[in-house]
Peer 1: 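Sharing a structure, written as structure tokens. Questions coming.
A note on names: the letters A, B, ... follow the listed sequences, proteins ahead of strands, and every chain is numbered from 1.
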Amino acid sequence: MYTLGIDIGSTTSKCAILKDGTELVATSLQRGGLGTGGPEEALSRLWRERGLSREDMERVIATGYGRNKFRGADGEVSELTCHALGGRFIFPDLRTVIDIGGQDAKIISLTADGRMSNFIMNDKCAAGTGRFLEVMANILCLDINDLGPIAAKSDKPAPISSTCTVFAESEVISQMANGVEQADLVAGICQSVATRVAALARRAGITQRVCMSGGVARNEAVRRYMAEALNTEISFDPRAQYFGAIGAALYAWRQADQVYSGNF
Amino acid sequence: MTHTEIFEKLHEVALNPKAQMDAYLAQGKKVVLCAPVYTPEEIVHAMGFIPMGAWGGDRELNRAKEYCPAFLCSIAQSILELGMIGVYEGASAIIIPSLCDTLKTLGQNWKYAVKDIPFIPMTYPQNRKPAFGVAFTRAGYERVVAELEKLGGKFDNAALRASCEVYNRHNAAMRKLDEVLAKHPEVTAAQRSDAFKSAFFMEKSEHTAIIEELIAALEATPAGRGKKPILVSGILADAPQFNAILDEMGLYIAADDIAAQSRQYRTDVPAGDDALTALAEKFANMDNCSVLYDQEKLRVKLIVDTVKARGIAGVLVVMTKFCDPEEFDYVPIKRACEAAGIPVTIVETDRQMAHYEQARTNIETFRDMLMM
């Protein structure tokens with residue numbers, strides 16, 4: 001039995017197909033999230049590349065900020081629930097998820113048996129989110145995907161305010177004017193995101209195993225600074241950006257299979 | 001009337017306070033606005049005025065920004081905004097108590113921003129329980145009386161005693177309603193909000209009559225099933241979009257610790273020959289609220305005890321943005337709930353919120369936590 005999860009975020013759309021709730025058989029990602037053609041394109045690609053169709057899916061669950069607007073799902077579930085489910089699918093002993101998405105950051109705590117016990121959302125401003133990195137990458141005329149590798153070349157990150165994206169933007173421009181090395185500047189930007197989200201994570205409480213999910217998890221520098229700030233190991237899986245979609249597919253499978261046991 | 005019809009009537013009142021005020025004015029009555037959080041409505045009532053709650057409204061703030069910085073409680077800002085754009089036109093005065101720093105600034109700004117509606121300050125003491133605190137409160141009430149006399153009101157001890165009884169009976173009806181609603185999950189969060197909100201806009205004996213009718217109608221109705229009971233805590237929980245989310249998520253309010261709702265009705269005016277002193281003693285006896293000084297934070301225990309007593313699944317804290325007193329209390333509330341194994345979450349709201357998507361995600365996740 002196939003089930004599909006589709007995670008429609010603020011900047012990207014992700015799909016994941018599970019077979020019998022245990023095997024991840026396909027994923028797809030498309031730039032363009034809520035309010036764009038991204039979700040449909042991500043689905044089209046998935047069908048095209050895997051030779052599957054909507055009819056093959058026993059159940060489809062949508063998650064992410066665009067979940068309510070998406071037509072074609074059998075239900076919708078909050079992305080926090082899905083990131084917790086998806087993270088636990090990849091790391092069965094997972095206790096803390098740090099999800100940094102395009103427009104917000106979320107910390108999710110899980111009990112030893114996998115139930116969600118606490119969560120915190122940073123929904124006030126763009127600092128500490130993927131949007132912050134995107135704005136900074138634009139100022140520096142860099143691709144957001146290059147920030148991590150460039151930051152790796154620095155051993156003295158430039159101090160960047162973690163308070164506000166708008167203030168940080170002018171700060172970065174001032175630093176550029178003062179001749180600060182690009183690598184140090186990028187490292188400082190990544191460190192700024194990490195320290196801001198780490199403060200949020202400490203409020204929720206950190207229990208090992210800890211992993212990062214969401215698009216920003218792919219940034220190795222942010223992961224490294226996060227680990228330093230929290231003084232803990234941060235687990236990473238290349239499928240981190242798909243945790244929401246995987247969790248939605250798993251949720252769909254549990255509903256379809258009616259094996260809802262009460263635990264994640 | 002059925003309980004549905006009564007809720008519809010209360011909805012009309014809650015939705016149209018301006019129409020309610022205009023109707024009172026058309027009857028030749030004078031209206032005095034009562035700002036949050038605790039205003040001595042009994043005095044206003046006894047002196048022949050209609051006390052009407054002025055808790056602001058959900059709207060974009062423009063004119064209030066001439067006086068207020070952005071990072072200020074939107075309840076206070078929206079009261080000022082409504083005053084400045086003429087919504088309260090026809091009111092004889094506004095009483096603004098000094099129970100938080102923002103309310104103090106509201107009173108001072110009001111004097112300059114809304115010149116045609118006189119501002120009457122009610123300065124409460126921090127230490128309200130000792131005899132000197134009661135005397136301080138009483139002196140504050142005397143000042144309110146003097147200001148209302150300037151507007152044509154007449155003070156009489158017996159009349160105040162009678163008004164205190166009207167308010168005590170209303171308190172009892174609202175407490176009873178809260179108990180009855182806890183057993184009726186089919187009543188929506190919006191209906192519950194309307195029942196409490198309408199109390200601010202109706203003369204209290206009128207509201208008591210309709211609430212007593214509602215209680216009787218509900219008691220004659222079999223209770224619904226299938227929703228998760230939660231306790232909501234905060235200053236306000238009257239935004240239609242917020243309440244719609246609770247209903248959509250299958251959550252129902254089995255108890256509240258909301259300043260604009262149950263907190264208003266927990267304490268009665270005690271017996272006493274001198275009605276003004278009795279009223280001051282009522283304030284001294286009040287507890288369990290973020291704006292009432294309490295080193296022991298007994299409010300926290302009340303929340304935990306209520307959750308246990310009513311079999312409630314979790315606590316939803318509705319935090320009004322930039323409300324310092326509530327933010328201070330949130331920490332011990334969260335710790336106490338966690339220690340008692342009670343799931344708790346916080347949602348930030350304000351009067352200017354047009355979109356509730358992030359609140360929806362938060363509440364939906366909380367629902368998942370309670371269900372799974």
Peer 1: Name all residues meeting the salt bridge (charged side-chain N to carboxylate O under 4.0 Å, His left out) criterion together with A/Arg203; count only those two or more places apart in sequence or in a different chain, and write none if there are none.
Peer 2: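 Expected list: none.
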Peer 1: Where does A/Asn118 contact chain B at under 4.5 Å (heavy atoms): side chain, backbone, both or neither?
Peer 2: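 When you check distances to chain B, atoms from both the backbone and side chain of A/Asn118 fall under 4.5 Å.
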Peer 1: Which atoms of B/Thr365 are under 4.5 Å from chain A, going by heavy atoms: the side chain, the backbone, both sets, or neither?
Peer 2: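 It is both, since atoms from each part get that close.
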Peer 1: Rounded at 0.5 Å granularity, tell me how far CG in A/Leu80 sits from CG in B/Asn362.
Peer 2: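 The CG atom of A/Leu80 sits 7.5 Å away from the CG atom of B/Asn362.
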Peer 1: Working to the nearest 0.5 Å, report the span between CE of A/Met116 and CG of B/Leu370.
Peer 2: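 Separation between the atoms: 9.0 Å.
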Peer 1: Please rank A/Ser117, A/Ser78, A/Cys82 by heavy-atom pairs under 4.5 Å with chain B and give me the top one.
Peer 2: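 Option with the top pair count is A/Ser78.
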Peer 1: Just how far is it from atom OH of A/Tyr251 to atom CG of B/Asp368, taken to the nearest 0.5 Å?
Peer 2: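 Here the interatomic distance stands at 5.5 Å.
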Peer 1: Just so I know, are the side chains of B/Glu364 and A/Thr81 near enough to count as touching, which here means a heavy-atom distance under 4.5 Å?
Peer 2: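 Contact flag for B/Glu364/A/Thr81 side chains = no.
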Peer 1: Around atom CZ of B/Arg310, are there more than 12 heavy atoms from other residues, nucleotides or ligands closer than 6.0 Å?
Peer 2: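 Yes - once you tally the heavy atoms of other residues, nucleotides and ligands closer than 6.0 Å, there are more than 12.
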Peer 1: What's the shortest heavy-atom distance between A/Tyr65 and B/Glu357, and which atoms?
Peer 2: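 Shortest heavy-atom contact: CE2-O, 4.3 Å.
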Peer 1: Counting neighbours of CD on A/Glu23 that are heavy atoms of other residues, nucleotides or ligands and sit closer than 6.0 Å, is the number greater than 12?
Peer 2: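 Yes.
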Peer 1: Assess whether atom CG of B/Asn62 is packed by more than 12 heavy atoms of other residues, nucleotides or ligands within 6.0 Å.
Peer 2: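 Enclosed.
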Peer 1: Charged N to carboxylate O below 4.0 Å: is that the case for A/Glu76 and B/Arg360?
Peer 2: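 The answer is no: the pair does not qualify as a salt bridge.
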